[in-house]
A.B. asks: 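The structure under discussion is supplied below as structure tokens; questions concerning it will follow.
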Protein chains: 2
Amino acid sequence: MFTLAEENYLKTIFHLEHDSMCEVTTNAIAESIETKPSSVTDMVQKLAEKKMLTYKRYKGVQLTEEGKKVAAGVVRKHRLWEVFLVEKLHFHWDEVHEIAEQLEHIQSEELITRLDQFLGSPDFDPHGDPIPDKHGVLKRTEKKLLSEIEKNEQGVCVGVKESSPEFLQYLDKKKISIGTKISVLGKEFFDGSMIIQVGTEQFFISIKIAENLYVQTS
Amino acid sequence: MFTLAEENYLKTIFHLEHDSMCEVTTNAIAESIETKPSSVTDMVQKLAEKKMLTYKRYKGVQLTEEGKKVAAGVVRKHRLWEVFLVEKLHFHWDEVHEIAEQLEHIQSEELITRLDQFLGSPDFDPHGDPIPDKHGVLKRTEKKLLSEIEKNEQGVCVGVKESSPEFLQYLDKKKISIGTKISVLGKEFFDGSMIIQVGTEQFFISIKIAENLYVQTS
DNA sequence: AATTATTTTTAGGTTTAACTAAAAATATAA
DNA sequence: TTATATTTTTAGTTAAACCTAAAAATAATT
């Protein structure tokens with residue numbers, strides 16, 4: 001069994017490994033978790049002793065297979081709870097992160113099995129992120145950033161890269177959510193800005209928006 | 001905001017006050033919470049400073065109005081989650097306590113408001129215990145112990161006093177749950193044992209059973 | 001290659017909530 | 001009432017997870 005702090009470290013390192021695709025540094029963890037590098041060193045040494053990750057002084061860390069499994073379990077719980085909050089309790093997708101951050105630490109295999117069933121074994125959370133299965137395996141999707149889509153092509157929104165309330169609220173105002181069809185009508189070479197169509201509305205978006213929206217083209 | 005430990009102390013003292021109807025002793029708290037009396041003294045002093053209870057050395061404690069409100073809030077969360085686990089996830093009523101013990105500490109007003117709505121604002125948890133409203137007010141019911149029922153009277157099961165898995169499983173085997181009608185066909189003066197009827201079945205129960213089952217007669 | 005800057009670790013301290021052991025207060029019994 | 005027993009508190013430790021400040025290792029510049 002793991003403490004709340006240990007679970008948070010494992011989860012954070014799991015995400016950082018996915019993002020950076022290489023060893024995760026002490027500073028990166030510290031920033032992510034909003035703590036000091038010295039605290040990270042402490043915890044990382046503890047997790048190394050528990051064989052959850054490999055650690056060489058000054059060289060960063062890497063999750064072991066076991067560590068990945070534990071971390072994926074926490075992510076699975078987080079995302080299943082997010083689905084519950086949005087689908088069943090009708091929370092807005094920008095309100096659920098904090099609460100799921102707490103719920104992800106509830107310990108009960110059976111609870112998660114039943115929650116998963118209750119929700120119809122969803123594959124994705126309300127932000128479009130994949131939910132690991134009970135063995136920690138992630139379904140990989142071939143999603144692209146909207147910024148990679150060419151003029152006159154179109155895609156379906158499947159997720160966001162950034163998930164700050166501000167961004168999610170912007171998307172909401174523009175009536176963009178998971179499943180929304182987006183057509184690229186025009187693209188400015190100079191700054192990457194676009195004219196897109198969502199439903200019957202056409203409007204301008206900056207590169208910053210386009211680089212934080214995932215779409216599936218198929 | 002309160003720590004997990006603080007919430008557990010407040011909740012425990014709240015329950016003990018209801019049971020004993022007088023000041024709650026250090027030892028009673030220690031036993032309930034499975035900790036040492038010295039640890040209780042520490043925490044109780046801390047909670048007294050926070051004005052959650054009044055404390056005089058060697059004299060026990062009493063919750064303040066504020067303390068009662070906080071404690072009732074934790075109990076409300078616990079019991080709402082129990083309803084969720086039984087009604088929505090189809091857990092058995094003897095499996096939910098431990099999980100609710102964790103869920104009761106999730107911090108989010110909005111979550112509980114919505115959970116309550118989602119469950120149809122239930123008044124009682126799966127064990128028949130009343131759920132405090134959002135202001136901490138408990139609906140009082142005039143329930144009696146089955147052992148107080150006379151021969152040839154009957155009542156409807158509304159709750160249990162003890163809620164150990166063993167007891168709940170016994171009740172289950174005998175097909176007794178919340179709402180079950182129980183008729184007292186015979187009562188032995190010597191040891192308090194009874195012959196009761198549940199559905200079409202008639203059987204013998206000891207005083208130990210009868211003293212742990214609440215029924216409503218009306 | 002030597003210096004400077006950055007990153008990471010070590011060493012030592014703080015807080016929370018537990019613990020043990022001993023002292024003090026209260027309650028019970030002779 | 002004195003002696004004994006029980007309950008409660010105090011004093012001093014421990015462990016987890018954080019912190020600061022200083023030292024050590026690594027990386028970047030000149």
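Proteins get letters first, then strands, A, B, ... in listed order; numbering begins at 1 in each.
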A.B. asks: Donor-acceptor pair, A/Arg79 side chain versus A/Pro130 backbone, under 3.5 Å?
C.D. replies: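 Yes; at least one donor-acceptor contact below 3.5 Å.
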A.B. asks: Are any of the side-chain heavy atoms of A/His90 and B/Arg114 separated by less than 4.5 Å?
C.D. replies: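 Side chain of A/His90 against side chain of B/Arg114, heavy atoms only: contact under 4.5 Å found.
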A.B. asks: Which whole-number value in Å describes the distance from B/Glu23 CD to D/dT8 P?
C.D. replies: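 Going from B/Glu23 (CD) to D/dT8 (P), I get 12 Å.
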A.B. asks: For A/Ser39 and D/dC18, is the shortest distance between a side-chain N/O and OP1 or OP2 below 4.0 Å?
C.D. replies: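 No, A/Ser39 has no side-chain N/O under 4.0 Å of OP1/OP2 on D/dC18.
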A.B. asks: Can a side chain N or O of A/Tyr9 be found less than 4.0 Å away from OP1 or OP2 on D/dC18?
C.D. replies: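 The answer is yes; a side-chain N or O of A/Tyr9 sits under 4.0 Å from OP1 or OP2.
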A.B. asks: Using whole Å, report how far CG of A/Asp42 lies from P of D/dA15.
C.D. replies: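 Checked: the CG to P distance equals 15 Å.
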A.B. asks: Quick one: on DNA chain D, does A/Tyr58 or A/Leu4 contact a more 5' nucleotide (nearest heavy atom)?
C.D. replies: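 Looking at DNA chain D, the more 5' nearest nucleotide goes with A/Leu4.
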A.B. asks: Using only side-chain N and O atoms of B/Tyr55, determine if any of them is under 4.0 Å from OP1 or OP2 of D/dT9.
C.D. replies: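 Yes, within the criterion.
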A.B. asks: Distance check needed: D/dT8 P versus B/Lys59 NZ, whole Å only.
C.D. replies: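 Distance check: B/Lys59 NZ to D/dT8 P gives 11 Å.
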A.B. asks: How close or far is atom P of C/dT16 from atom CZ of B/Phe2, stated in whole angstroms?
C.D. replies: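 Nearest whole value for this atom pair: 14 Å.
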A.B. asks: Remember a base hit wins even if backbone is also touched, and classify A/Thr35 as base, sugar-phosphate or nothing at under 4.0 Å, heavy atoms.
C.D. replies: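 The answer is sugar-phosphate, as A/Thr35 gets under 4.0 Å only of primed atoms, P, OP1 or OP2.
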A.B. asks: Classify the nucleic acid contact of A/Gln45 as base, sugar-phosphate or nothing, counting any heavy atom under 4.0 Å across all strands shown.
C.D. replies: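 Sugar-phosphate contact only.
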A.B. asks: In whole angstroms, how far is the C1' atom of D/dT7 from the CD1 atom of B/Ile29?
C.D. replies: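 Whole-Å distance recorded here is 13 Å.
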A.B. asks: Rounding to a whole Å, what distance do you find between A/Met43:CE and C/dT10:P?
C.D. replies: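 Result: 16 Å.
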A.B. asks: Below the 4.0 Å mark, does C/dT6 have OP1 or OP2 next to a side-chain nitrogen or oxygen of A/Asn27?
C.D. replies: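 No, because none of the side-chain N or O atoms of A/Asn27 sits under 4.0 Å from OP1 or OP2 of C/dT6.
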A.B. asks: From the set D/dA16, C/dA18, C/dT8, return the single nucleotide nearest to any side-chain atom of A/Thr3.
C.D. replies: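 The closest nucleotide is D/dA16.
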A.B. asks: Do B/His92 and B/Asp94 meet the criterion of a side-chain donor-acceptor pair at a distance under 3.5 Å?
C.D. replies: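 The criterion, which ignores hydrogens and geometry beyond distance, is satisfied for B/Asp94 and B/His92.
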A.B. asks: Between D/dT8, D/dC19, C/dA18, which one does the side chain of A/Lys36 approach most closely?
C.D. replies: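 Given the options D/dT8, D/dC19, C/dA18, the side chain of A/Lys36 is closest to D/dC19.
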A.B. asks: Tell me whether the OP1 or OP2 atom of D/dT7 has a side-chain N or O from B/Arg57 closer than 4.0 Å.
C.D. replies: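 Answer is no, no contact under 4.0 Å.
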A.B. asks: Over how many whole Å does the gap from A/Glu49 atom CD to D/dA15 atom P extend?
C.D. replies: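 It works out to 14 Å between those atoms.
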A.B. asks: For B/Thr26, which contact category applies under a 4.0 Å heavy-atom criterion: base, sugar-phosphate, or nothing?
C.D. replies: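 Since only primed, P, OP1 and OP2 atoms lie under 4.0 Å of B/Thr26, the category is sugar-phosphate.
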A.B. asks: Side-chain donor or acceptor of B/Ser38 under 3.5 Å from a matching atom on the base of C/dT20?
C.D. replies: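 Per atom types, the contact qualifies.
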A.B. asks: Between the side chains of B/Asn27 and B/Thr25, does any donor sit under 3.5 Å from an acceptor?
C.D. replies: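 Not at all, the side chains of B/Asn27 and B/Thr25 share no donor-acceptor pair under 3.5 Å.
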A.B. asks: In whole angstroms, how far is the P atom of C/dT15 from the CD atom of B/Glu6?
C.D. replies: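 One finds 15 Å between P of C/dT15 and CD of B/Glu6, rounded.
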A.B. asks: Quick one, A/Phe84 and A/Val96 - any side-chain contact, counting heavy atoms below 4.5 Å?
C.D. replies: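 No, side chains not in contact.
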